[in-house]
There are 2 protein chains.
Amino acid sequence: MLTTELKKDLEPISVNTRADMVELRLREYLNKKELKTGDLLPTEMELSEALGVSRNVLREALSRLRMLGLVESKKKRGMVLTNPDILGSFERVLNPQRMDTSTLKNLFELRLVLEMGLADLLFVRKTAKDIKELEAIVKNGKFEDDDVFRVTREIAFHGKLYEITGNDTLKRFQIMLLPVFDYVLKNENRSVKSNISHTDLVRILKNGTKEEFVVGMREHLRPHFELLKNL
Amino acid sequence: MLTTELKKDLEPISVNTRADMVELRLREYLNKKELKTGDLLPTEMELSEALGVSRNVLREALSRLRMLGLVESKKKRGMVLTNPDILGSFERVLNPQRMDTSTLKNLFELRLVLEMGLADLLFVRKTAKDIKELEAIVKNGKFEDDDVFRVTREIAFHGKLYEITGNDTLKRFQIMLLPVFDYVLKNENRSVKSNISHTDLVRILKNGTKEEFVVGMREHLRPHFELLKNL
DNA sequence: TTAGTACTTATGTACTACATATAAAAATAG
DNA sequence: CTATTTTTATATGTAGTACATAAGTACTAA
């Protein structure tokens, strides 16, 4: 019969649980623009009655919203609407081991795109102090060929670049992407060498132009761009 | 006494709920590298007993993990480890209305950084078909000065650019950032006009070089970069 | 007025009971 | 003896009750 064949091919329609629906309804409710941060929400009893579900189910949905940082609940006081930490939930999920190669590749590329696009912000925001710190980073351990040192310096240098942008979200994002990058780089083709070192990049950032920096960064990242082809 | 004053200044140490702790413990458990996607997890009863909490609390934690896409549960079968949709939780939280101006600005900048960094991928991945589509987009409604049309075309054009990269994550990310961008642009200073139009960018993408494209994009985005100063 | 107490109330946790779906086992038909 | 159907066992899904805990609120006393 066809039924057995069909069952393999056709995923059954995902019957959402009550908690799923309640979560959705609550999010819609919270997004009503009349509501603003700090506003008090109805009590769990009121919500569960209004939605026609048990307090149990309601709390499973609320639990999600609390995790996302959309609401906070204090005893006796009730629940209040809060502004979420937009990257918090991202962090919980970013485990390279659980990612399919496609996503892994996408995130690897995303990082390259970010790095290539930093130039403008860098040249607007850089200070003499920043340059000094970068110089310290590239000088520090210049002759260390140890792999651990190499990676540490790599992270410190590129991390500092993100820091110079003054964009916390960007910086946090980069930190979160580090494990992904690290994971991918285990297969790196070491034969491809870049002609532009960190030292060169610092020099360009100090005395050069945006355009030169972009070209420099492209060359610096060339081994990674090459890697994309085999991924 | 000082206590009343203190209470205002010092936030009390956030006493995590059991659900918070269970969530953490479960995430640690799931991240053990022995576990791989598709693996069956212990039953709710076993987990709640092992952790020493009620099934209720356990389910609140599980509810979060299910939302993140870390686990799926089927009746009778039990729960299985799944690979999460890394951007799913991001989507639930990205409401410009709930963001402080600082985060809003950061995301606005993030988009600019991405756009400035696209060039390399674009020049690697572009096809004749892509160029044709871009040409269609810029031609279509060239003489429309209607605001709605302008925005639609804007979205279509830049969206297509992301699409050309072939990077789904990047593309989805861009779509999610649209409301933010839109929200910020309400305060845009229309007096600053760019000298590079979409048409120019398409021409460069077709016949020019990466370097030219970056310069062109910079000029194209100049009104937005200017906007950053007042934000 | 102020410090301290009791009261009230909303969230946090535990436990029980049952509904529901479904994998697995048993029974039945061919 | 294989294939199909029926039954059974079991893990998740939902509801409801009970009580613990913290924190506003009102009341009391010095």
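Below, read A as the first sequence line, B as the second, and so on, with proteins coming before strands; counting in each chain starts at 1. This structure is a prediction, so every number in the text was calculated from the model and none was measured.
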Just to confirm, is there a sub-4.0 Å distance from OP1 or OP2 of dG13(D) to any side-chain nitrogen or oxygen of R66(B)?
-> yes
Check the distance between dG13(D)'s C1' and L58(B)'s CG and give it to me in whole angstrom.
-> 14 Å
Side chains of V80(A) and L41(A): does their closest heavy-atom pair fall under 4.5 Å?
-> no
E23(B) CD to dG12(C) C1': how many Å, rounded?
-> 16 Å
Could you check if a side-chain atom of D130(A) sits within less than 4.5 angstrom of a side-chain atom of E163(A), using non-hydrogen atoms only?
-> no
OP1 or OP2 of dT10(D) less than 4.0 angstrom from a side-chain nitrogen or oxygen of R77(B), does that happen here?
-> no
Rounded distance in Å - CE (M79(B)) to C1' (dT12(D)) = 9 Å
Distance below 4.0 Å between S73(B) side-chain N/O and dA11(D) OP1 or OP2 = no
Separation of dC15(C) P from E49(B) CD (nearest whole Å) = 10 Å
Could you say whether R59(B) or N56(B) is positioned toward the 5' end of DNA chain D, judged by the nucleotide with the nearest heavy atom to each?
-> R59(B)
Residue pair R66(B) / S73(B), side-chain donor-acceptor N/O under 3.5 Å | yes
Is it true that the side chains of Y162(B) and E115(B) contain a donor and an acceptor less than 3.5 Å apart?
-> yes
Rounded to whole Å, the CD-P distance (E44(B) to dT13(C)) equals 17 Å
Using whole Å, report how far NZ of K76(A) lies from C1' of dC7(C).
-> 9 Å
Side-chain donor-acceptor pair under 3.5 Å between D20(A) and T17(A), yes or no?
-> yes
Whole-Å gap separating P (dT12(D)) and CD (E60(B)) = 17 Å
Would you tell me if any nitrogen or oxygen in the side chain of R55(A) comes within less than 4.0 Å of OP1 or OP2 on dT14(D)?
-> no
Can a side chain N or O of T17(B) be found less than 4.0 Å away from OP1 or OP2 on dT11(C)?
-> no
Can you find a side chain N or O atom of S54(A) that sits less than 4.0 Å from OP1 or OP2 on dT14(D)?
-> no
Protein-nucleotide distance (M45(B), atom CE; dA9(D), atom P), rounded to Å = 19 Å
